[in-house]
Asks: 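I am attaching a structure below and will ask some questions about it afterwards.
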Amino acid sequence: GSVTNHAGMKRSLFDAQSRLQYRVYPLPEAMLTYVWDFGELCREDQLVYFRSMLQAVLPDSVLEEVASMIVETHTVIGELTDLPVSLRDVARLRKLFIFFKEWRKRRFELGDEQYANKNFSFPQVLLPGNGRNGREIRYYPKKQLLENEDISCLLLAFKMAYINRLHTEELRKKVLKRAFNGTRYSAPILECIMKVEQMDMLQRMDRRAPQFHNLADNSALLENVHSIVVCLLNRIPIFLIGKPGNSKTVSMALVNNSLRGHDSRDPLLKQYDGITVFSFQGSIESTSEGVKQVFERAQAYKDSGRANGILPVVVLDEVGLAEMSRHNPLKVLHSTLEPSHGKELEIGVVGISNWALDSAKMNRALHISRPDPTEKDLIDTATTIANSFDTTQLDEFHKNHSSIRRSTTNTKTGKLLEGLARAYFDYSQTVPTEPFFGLRDFYNACKLICRKKSSTLGEFVGAIRRNFSGTTGNRNGTISSDDRYIFFQSLITHVSGHYDADDMQYEFMEAPDNFVMKSIEENKSDTHGRHLLIGTLGDAALNILRLEQGAEIIRGSQFDADLNGNDYVYATLSKIILCMEQGGILVLIDLDPVYGSLYDMLNQSYTTIRGKKNCTVALGAMSNPLCVVHDNFRCVVLMDRDVMQTYVSPFLNRFEKQILAIPCYNDNLIPGLLYHQPLEHVRLEYLQERLIDLMRLEFAIVCKNDTVNRHYFGDVANGIIHTKHSHLQGVVEHLGWTFDLENSTNVFSASVAQLVNN
C-alpha cells in the first residue's frame, strides 16, 4: 500500500519502493502458492490476549475496563489511520506502567516533586461540575493527581504508547473520545496529568549550557524530552517524527547533557544510568553495513567493563534520508530493535526524521509524531526568545526557565514578535501545499529582531526579508498563491498597530531598492547568521556576489560515472570537511548527492568540545566522523531558482534564502504588483505572467549567444505599456527597459538588441 504522510514532511520519491508501507522485494512466483493471509484477531480474541498480558500488573478493579479501552483504541486507530497497532503496543504499555509507578514512588520518597517546590500552577481543565452545560473550569489539585496512582500511571503509559503517534491534535481528540467512552477516564484529566509530568521532567534537565538558554518550553520540547528520557530508561526504541524546527535534535542534545548518572544535576536522575551517544548520520548513500556497525560499537561498549552505570545510546539522525537510500540500509533495524529468542534490547535507540518510516520499522518502536505548533506555542516560543535576549531578566530566567514570562510582550519588540507569531500561524494554515517557509525561518526571524538595536520599520523589514525571501512570486501559476505574498499580507495585518500600513505595504511589497544584496552582505557579517541558499540562473550569482579573496568554490560533476559512484562523493566531502576546519566562505554548486551528508553542519547545532565547534558528517556508508567547524565558516549553496522552489523543505529550512540574478535580482517585484489592482483579476494575472516572461530576458545577458525573439517580447512590453497600469510600467522601468508610448515596440526591441550584442 502507499504511504500516508502521518507526520513531518512529504518526502521526495527517489525510487518506487519509497511509496510502500513495507520496503521489500517481490516474492518469486514459485513461492506464491505457499503464502497465506492470516488476517487479524477478532475483538473477543484481542480481549483475551490483552487481559492475559495486563493482569499481572493491573488491579482486577480496572483490568476489564482497560482491556476494553485498548481494544477500542486499536479499532479506532485502524479506522481513522493506516498506522500499525499490535500486541507490541500492549507490551510497551505494560512496561511503561511499571516504570511510571516506580518513577513516581522514587520521586515521592525524595520529596522532590518539582511542581510542588516550584509553586507550579496546575493547568486549567474541564471537569464534571455544576457549571455551564454540567461542566466548570477549575484548577486540577495535586491531591487528585496522587489519589489513585494506578490510574495516573495507566493514563501516562496509554498516552505514550498510543496517542503520541497521532500527527494532529484533532486526530488525538477523536481517538481519546472513542477510547474513553463509557470509562471513568477523560481527555482533560489525561492531558493535565501528562502536562505536569512533562514540565516536571523538563525542570530536571541541565540547561546551563549556552545553547539551551533560549529554548521555549512549548509542547514540542515538553513532549520530546519527556518521551526520550522515559524510553531510554526503559530501553524502548523511539522515533521522533516531525517537520524541521520541532525541537527534535535539540531535545536529544538536552537529554544527552542531563542524563549523567551519578554526575547528573538532578537528584532523581542520579538514581538512573547515564548515557553515552553513538551517532549515525543518515544519508541517501547509507548502507546496512554502516547502520549495523554503529549498533555493534554500542553493544561492544555495553559488553566492556567501561559501561558500568552507563547506557550506550544509538542516535540515528536524519534516518528518513537513510530510508531513501538505494541500498535499503534500514532493513537491519527489524532484527536489531527486536532481538530474537526473547532477548531484551540492551541499548537505547533514538531515531530522528522528517518523514515517517515504513510500518515494519515504526511498529518495532514507540514513535512520536509531532503536530504542527498552535498559535499559543508560537507566541510562547517568540516570548521566550525575547526574554533570553533581555539581559535584565537573564538571571531570573536561568533560575526558573520553565515558566514562560510575558513581560516582554508589553514592549514594542514583544508586540512585534507576537504579531509575527500570529502571522506565521495564519500562513501555515493558509498555504495550500507544502510551506516554503518553515519553523526555523520563524525562530531565526525572532532572534534577528531581538538582536537589532532598534525597532524601526527599516530594521523590522530587514529582519523579515532575510528570513522570508527566496520565492519567485508565481507559485502554482498564480501570484496570489505565492508564499511570500500570503505571509507578508498576514504580517502587515497583525503588526499594523505599530507601523503605518501603507508604509509597510510599500516596504514589503513594492520597494524597488536592492534588498537582496543588502541581506546577503548582512548575513556574511552576522556571526549568528544561518548559511545561505541563493537561487539563481546559470552562474549569474557568482558574477554578482562580492566573494572575499580565498573563497572556495566546489562545483558538482555532471558525469554519470561520478554521480553513480562513491569515490567522487568521498573526495568532495573530504574537501568540504577541510574547508569547514579552515574557515572562510565555501560555495557549493550542483552537489545534490552530497547535501544529505551535511545536514548536521547545516543545522548549526554544533557540539562544543574543548572550546571548538564540531558536527557530524556522513562520510560514506561506514564513517560518521565528528568534524571541527571554524568560527568564521560560512556555507553558500547556489541552486537554480526554479529547482529551489520545489526542493525538499528539510533542506530549505536550514538556510536564509534569496533570489539573485541579472538584471533583476529583486524578488520583491512580482508580489508588489498586487498592491493596487485597478484591472479585473483575470487580466491582471495575464499581465503578471507576461511580466515574468519579460524578466526571463536575463537569459540574454547570462548566455549571450542565445537568440531572443525580439518581436514577441516587444509585444509583451507593448501590452504592458498600453494598459496604462502605473505599477506595471514602474516595474518595466526598474528593469532598465526604455519605452515610448508612440513607438514602444521599436524602442523596446532596440534595447533588447543592445543587451544581446553587448
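Below, each value reflects all heavy atoms present in this structure, side chains not excepted, and no hydrogens, waters or symmetry copies. For reference, positions follow the sequence shown, starting with 1. Values in this document were obtained by computation on a predicted structure and should not be read as measured data.
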Asks: Could you tell me whether the side chain of Arg165 and the main chain of Ala161 form a donor-acceptor pair under 3.5 Å?
Replies: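 Yes; judged by distance alone, with no hydrogens or angles, the pair exists.
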Asks: Do Asp380 and Lys376 meet the salt-bridge criterion of a basic N to acidic O distance under 4.0 Å?
Replies: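 So Lys376 pairs with Asp380 through a salt bridge.
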Asks: Please check this pair: side chain of Arg654 against backbone of Pro650, looking for a donor-acceptor N/O pair closer than 3.5 Å.
Replies: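 Yes, Arg654 side chain to Pro650 backbone: donor-acceptor pair under 3.5 Å.
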Asks: Check this for me, if you would: do Lys174 and Glu169 make a salt bridge, where the nitrogen-to-carboxylate-oxygen distance has to be below 4.0 angstrom?
Replies: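 So Lys174 does not pair with Glu169 through a salt bridge.
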Asks: Does Glu149 form a salt bridge (Lys or Arg N to Asp or Glu O under 4.0 Å) with Lys101? I'd like the steps, not just the answer.
Replies: CA-CA 7 Å; Glu149 278 295 295; Lys101 289 195 68 173; over 6 Å; no
Asks: I need the minimum non-hydrogen distance between Asn354 and Lys243, along with the two atoms involved.
Replies: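 Distance-wise, the nearest heavy atoms are ND2-C, 3.9 Å.
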Asks: Could you check Asp377 against Thr374 for side-chain hydrogen bond (donor to acceptor under 3.5 Å, both in side chains), going step by step and ending with a plain yes or no?
Replies: CA-CA 5 Å; Asp377 284 333; Thr374 64; 3.2 Å; yes
Asks: I'd like to know if the side chain of Ser353 and the backbone of Gly320 have a donor-acceptor N/O pair within less than 3.5 Å.
Replies: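 Yes; judged by distance alone, with no hydrogens or angles, the pair exists.
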Asks: How are the rings of His531 and Phe633 set relative to one another: parallel (under 30°), tilted (30 to 60°) or perpendicular (over 60°)?
Replies: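 The arrangement is perpendicular - the two ring planes meet at more than 60°.
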Asks: Quiz question: by atom type and distance under 3.5 Å, do the side chains of Glu346 and Gln299 form a donor-acceptor pair?
Replies: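 Yes, Gln299 and Glu346 have a side-chain donor paired with an acceptor closer than 3.5 Å.
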Asks: Roughly how far apart are Leu240 CG and Asp317 CG, rounded to 0.5 Å?
Replies: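 One gets 10.0 Å once the value is rounded to the nearest 0.5 Å.
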Asks: Report yes if the side chains of Phe239 and Leu366 come closer than 4.5 Å at any heavy-atom pair, otherwise no.
Replies: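 Result no, sub-4.5 Å side-chain heavy-atom pair not found.
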Asks: Report the C-alpha separation of Glu223 and Lys159 in whole Å, then their side-chain angles, then the decisive distance to 0.1 Å, and conclude whether the salt bridge (Lys or Arg N to Asp or Glu O under 4.0 Å) test is met.
Replies: CA-CA 11 Å; Glu223 188 170 274; Lys159 189 172 191 302; 3.8 Å; yes
Asks: Please give me the minimum heavy-atom distance between Leu269 and Arg204, naming the atom from each residue.
Replies: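 Residues Leu269 and Arg204, closest heavy atoms: CD1-O, 3.7 Å.
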Asks: Quick check against the 3.5 Å criterion: does Asp89 have a side-chain atom that pairs as donor or acceptor with the backbone of Ser86?
Replies: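 At least one qualifying donor-acceptor pair exists.
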Asks: Do Tyr162 and Leu93 come within less than 4.5 Å of each other through their side chains, counting heavy atoms only?
Replies: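 With C-beta onward as the side chain, the pair touches.
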Asks: Within the distance-only criterion (no hydrogens, no angle test), does the side chain of Asp441 pair as donor or acceptor with the backbone N or O of Gly438 below 3.5 angstrom?
Replies: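 Looks like yes, one N/O pair under 3.5 Å.
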Asks: Assess the pair Phe651 and Tyr595: is the distance between their ring centroids shorter than 6.0 Å?
Replies: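 Yes - the distance between ring centres of Phe651 and Tyr595 falls below the 6.0 Å cut-off.
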Asks: Is Asn234 reaching over with its side chain to a backbone N or O of Ile236, donor-acceptor style, under 3.5 angstrom?
Replies: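 Side chain of Asn234 to backbone of Ile236, a donor-acceptor pair under 3.5 Å: no, none is there.
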Asks: Taking salt bridge (Lys or Arg N to Asp or Glu O under 4.0 Å) as the test, write out the residues that go with Lys331, two or more places apart.
Replies: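 Once residues adjacent in sequence are excluded, Lys331 has no partner under the salt bridge (Lys or Arg N to Asp or Glu O under 4.0 Å) criterion.
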Asks: Under the ring pair (Phe, Tyr, Trp, His ring centres under 6.0 Å) rule, collect the residues that match up with Phe99, sequence neighbours excluded.
Replies: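 For Phe99 the ring pair (Phe, Tyr, Trp, His ring centres under 6.0 Å) partners, ignoring immediate neighbours, are Trp103.
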Asks: Please check: side-chain N/O of Asn224 versus main-chain N/O of Ala220, any donor-acceptor pairing under 3.5 Å?
Replies: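 Flag set: sc Asn224 to bb Ala220 pair under 3.5 Å.
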Asks: Is the backbone N or O of Ala253 less than 3.5 Å from a side-chain atom of Asn257, with the two atoms forming a donor-acceptor pair by type?
Replies: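 Side chain of Asn257 to backbone of Ala253, a donor-acceptor pair under 3.5 Å: no, none is there.
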Asks: Measure up the Tyr424 and Phe487 rings against each other and bin them: parallel (under 30°), tilted (30 to 60°), perpendicular (over 60°).
Replies: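 The rings of Tyr424 and Phe487 stand perpendicular, inter-plane angle above 60°.
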Asks: Could you tell me whether the side chain of Val225 reaches within less than 4.5 Å of the side chain of Val255, counting heavy atoms only?
Replies: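 They are in side-chain contact.
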Asks: Using the salt bridge (Lys or Arg N to Asp or Glu O under 4.0 Å) rule, take Arg172 and Glu191 through it: C-alpha gap first, then chi angles, then the decisive distance, then the call.
Replies: CA-CA 11 Å; Arg172 293 183 177 192; Glu191 293 301 326; over 6 Å; no
Asks: Which pair of non-hydrogen atoms, one from Phe437 and one from Asn653, has the smallest distance, and what is that distance?
Replies: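 Looks like C-ND2, 4.1 Å.
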Asks: Any donor-acceptor pair under 3.5 Å linking the side chain of Asp358 with the backbone of Ala360?
Replies: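 At least one qualifying donor-acceptor pair exists.
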Asks: Stepwise, does the salt bridge (Lys or Arg N to Asp or Glu O under 4.0 Å) test hold for Glu338 with Arg88?
Replies: CA-CA 10 Å; Glu338 199 172 52; Arg88 295 187 182 102; 2.5 Å; yes
Asks: Taking C-beta and beyond as the side chain, do Glu296 and Phe278 meet within less than 4.5 Å on heavy atoms?
Replies: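 Not touching, per the 4.5 Å side-chain cut-off.
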Asks: Arg530 and Asn467: side-chain hydrogen bond (donor to acceptor under 3.5 Å, both in side chains), yes or no, with the steps?
Replies: CA-CA 9 Å; Arg530 292 186 287 170; Asn467 292 280; 2.9 Å; yes
Asks: Rounded to the nearest 0.5 Å, what's the gap from CZ on Phe280 to CZ on Phe295? Could you check?
Replies: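 Separation between the atoms: 9.5 Å.
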Asks: Find the distance between SG (Cys446) and CG (Leu420) and round it off to the nearest 0.5 Å.
Replies: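 Between Cys446 SG and Leu420 CG, I get 4.5 Å after rounding to 0.5 Å.
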Asks: So, Asp263 and Lys270, do they make that salt bridge, N to O below 4.0 Å?
Replies: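 No, Asp263 and Lys270 are not salt-bridged.
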Asks: About how many Å separate CG of Leu598 and OG of Ser283, when rounded to the nearest 0.5 Å?
Replies: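 It is 9.5 Å, given to the nearest 0.5 Å.
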Asks: If you compare all heavy atoms of Ser369 against all heavy atoms of His367, which two are closest, and at what distance to 0.1 Å?
Replies: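 Looking at all heavy atoms of both residues, the closest pair is OG-CD2, 3.6 Å.
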Asks: Between Asp526 and Arg466, is the closest basic N to carboxylate O distance under 4.0 Å?
Replies: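 Salt bridge: yes.
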Asks: Taking all heavy atoms of Leu233 and all of Asp273, pick out the closest pair and write down the distance.
Replies: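 Heavy atoms only, the tightest pair is CD2-O, 4.4 Å.
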Asks: Quick one: does Arg634's side chain have a donor or acceptor within less than 3.5 Å of a partner on Asn523's backbone?
Replies: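 Looks like yes, one N/O pair under 3.5 Å.
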Asks: Is the positively charged end of Arg440 above the ring of Phe655, judged by distance under 6.0 angstrom from the centroid and angle within 45° of the axis?
Replies: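 No, Arg440 and Phe655 do not form such a contact.
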Asks: Taking the side chain as every heavy atom from C-beta outward, state whether Thr276 and Val313 have any atom pair closer than 4.5 Å.
Replies: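 The answer is no, as the side chains (C-beta and beyond) never meet within the 4.5 Å cut-off.
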Asks: Quick one: side chains of residues 610-619, donor-acceptor pairs under 3.5 Å with protein atoms, not counting sequence neighbours, listed by atom name and distance.
Replies:
from: Asn614; atom 1: ND2; to: Thr607; atom 2: O; distance (Å): 3.4
from: Asn614; atom 1: ND2; to: Lys612; atom 2: O; distance (Å): 2.9

Asks: For a quick test of reading the model, state the closest non-hydrogen atom pair linking Thr336 to Leu345 and the distance between them.
Replies: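 Between these two residues, the closest heavy atoms are O-CD1, 3.3 Å.
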Asks: Arg422 versus Glu418: any side-chain heavy-atom pair under 4.5 Å?
Replies: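 In short, these two side chains touch, coming nearer than 4.5 Å.
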